[in-house]
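Remarks on the structure that follows.
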Amino acid sequence: MFTGIISDIGEITELKNNGDVRARIKCNYTSAEIDLGASIACDGICLTVVDRGLGKENWFDVDISAETVSKTTISASANGWGIGRKINLERSLKVGDELGGHIVSGHVDGVATIKSIEIEGDSTRMTFEISSDLSRFIASKGSVSLNGTSLTVNEVNKNTFGVNLIAHTKSVTTWKNVALDDLINLEIDTLARYVARLTEVKN
């Protein structure tokens, strides 16, 4: 489990395809203190650490299944994962940690496309387009995880929704690097999923 509060920006330094994809991610965490088998959210994708640096350089390796690749931005032709790409990182929640965002599982539901970026004072308002099968789970003032970042939905209009990013969020994440038509990993709020399911059962 995660909270959607980004704690580091990683950089992809190696990619190998041996059936699954293995990625090496340089980080600012003390990698020797990361347990093998630990979960780290990488741009919102919960991935398992299979190796890590034990010397001066801090890095960790993750294996990514073909299913995960197909459902996330990893495989995107326009802005998919490549050497040098910066990604948002969050280590898994520990008992007693502050829950600053909302409960995030790291199980990406699909991708959203950035359709507009507008500067409003010190903040940035962005609009995203998603598929109709996901849009029914998005509600005004509800929570979403976008590239692993916990954000509040401002408004919803059919298959689009908007969020507002404050200056601090942009400064400590990769959101300062995004552009129009970039694809973004989307995880809908778990509560919204269960509410929708209960509604279906009642009907």
Side-chain angles (χ1 to χ4, degrees), residues 1-27 37-50 59-93 101-115 126-138 143-151 153 159-161 163 165 169 173-190 192-193:
M1 288 293 183
F2 308 92
T3 68
I5 304 299
I6 305 305
S7 55
D8 192 17
I9 296 177
E11 179 181 348
I12 298 172
T13 58
E14 293 182 22
L15 284 171
K16 297 178 182 178
N17 195 334
N18 298 314
D20 286 344
V21 173
R22 175 164 292 198
R24 177 160 294 180
I25 300 168
K26 184 171 69 174
C27 62
S39 295
I40 297 179
C42 303
D43 258 0
I45 310 164
C46 178
L47 297 172
T48 300
V49 175
V50 297
W59 55 266
F60 62 92
D61 285 356
V62 292
D63 284 340
I64 311 166
S65 70
E67 171 71 10
T68 299
V69 170
S70 69
K71 298 296 184 184
T72 64
T73 59
I74 295 172
S75 63
S77 57
N79 65 311
W81 283 23
I83 304 300
R85 180 186 172 98
K86 301 294 178 59
I87 58 175
N88 293 321
L89 300 177
E90 181 189 356
R91 298 188 64 178
S92 58
L93 185 66
H102 72 283
I103 293 295
V104 176
S105 69
H107 300 157
V108 172
D109 294 290
V111 295
T113 305
I114 299 177
K115 303 310 293 183
M126 296 187 187
T127 302
F128 300 85
E129 184 176 65
I130 56 176
S131 62
S132 56
D133 61 322
L134 292 176
S135 62
R136 65 193 184 97
F137 295 106
I138 307 298
S143 297
V144 291
S145 171
L146 295 169
N147 275 0
T149 313
S150 174
L151 294 167
V153 176
N159 288 357
T160 65
F161 68 93
V163 302
L165 289 93
T169 299
T173 66
T174 61
W175 284 102
K176 55 184 169 290
N177 303 323
V178 299
L180 287 177
D181 295 322
D182 276 358
L183 298 180
I184 305 296
N185 290 319
L186 166 69
E187 180 186 332
I188 58 178
D189 186 8
T190 300
R193 186 194 306 278

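Only this structure's heavy atoms are used, side chains among them; waters, hydrogens and symmetry mates stay out.
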Between Ala41 and Phe2, the two heavy atoms sitting closest are N-CE2, 3.5 Å
_Atom NZ of Lys16: over 12 foreign heavy atoms under 6.0 Å_ = no
- Do Ser131 and Asp133 meet the criterion of a side-chain donor-acceptor pair at a distance under 3.5 Å? yes
Side-chain heavy atoms of Leu186 within contact of Val111, under 4.5 Å:
no
Do Val50 and Arg22 touch side chain to side chain, with heavy atoms closer than 4.5 Å?
yes
*Under 3.5 Å: donor-acceptor pair, side chain of Ser150, backbone of Ile5*: no
Taken to the nearest 0.5 Å, the spacing of Ser105 OG from Glu187 CD works out to 3.5 Å
Worksheet item: Under 3.5 Å, is there a donor-acceptor pair between the side chain of Glu11 and the main chain of Lys26?
Response: no
Taking every heavy atom of Met126 against every heavy atom of Ile114, the minimum-distance pair comes out as SD-CD1, 4.5 Å
Distance col, row Ile6:CD1 vs Leu89:CG, nearest 0.5 angstrom, shows 7.5 Å
d(Ser145 OG, Ile45 CD1) to nearest 0.5 Å is 10.0 Å
Inset, instruction - May I ask you to check whether Thr13 and Trp59 show a side-chain donor-acceptor distance below 3.5 Å? - result: no
When rounded to the nearest 0.5 Å, the distance separating CD1 of Ile64 from OG of Ser70 is 12.0 Å
One should read off an interatomic distance between Lys115 NZ and Asp181 CG, to the nearest 0.5 angstrom, of 4.5 Å
State, with a plain yes or no, whether a side-chain heavy atom of Val69 is found less than 4.5 Å away from one of Trp81. no
Could you verify whether a donor N or O on one side chain and an acceptor N or O on the other, from Ser132 and Asn159, lie under 3.5 Å apart?
no
Heavy-atom distance under 4.5 Å between the side chains of Arg85 and Thr73, does that happen here? yes
Correct closest heavy-atom pair for Ala66 and Asp20 would be N-OD1, 3.8 Å
Residues Gly148 and Glu90: closest non-hydrogen pair is O-OE1, 4.3 Å
Residues at least two apart in sequence or cross-chain that pass ring pair (Phe, Tyr, Trp, His ring centres under 6.0 Å) with Phe161, listed by chain then number, are Phe128
Closest non-hydrogen atoms of Val163 and Leu165, given as atom of the first, atom of the second and distance, are CG2-CD1, 3.9 Å
Tested for side chain to side chain contact (heavy atoms under 4.5 Å, CB included) against Val21, the lone hit among Leu15, Thr68, Val62 is Leu15
With Ser135 as partner, the option from Ile130, Thr160, Ile188 fulfilling side chain to side chain contact (heavy atoms under 4.5 Å, CB included) is Ile130
Does some side-chain heavy atom of Trp175 sit less than 4.5 Å from a side-chain heavy atom of Ile184?
yes
One should read off an interatomic distance between Asp182 CG and Asn147 CG, to the nearest 0.5 angstrom, of 9.0 Å
Minimal heavy-atom distance between Asp8 and Cys27, with the atoms involved, is OD2-CB, 3.4 Å
Sorted by chain and number, sequence neighbours left out, side chain to side chain contact (heavy atoms under 4.5 Å, CB included) with Thr174 holds for Ile9, Asp43, Lys86, Asn88, Asn177
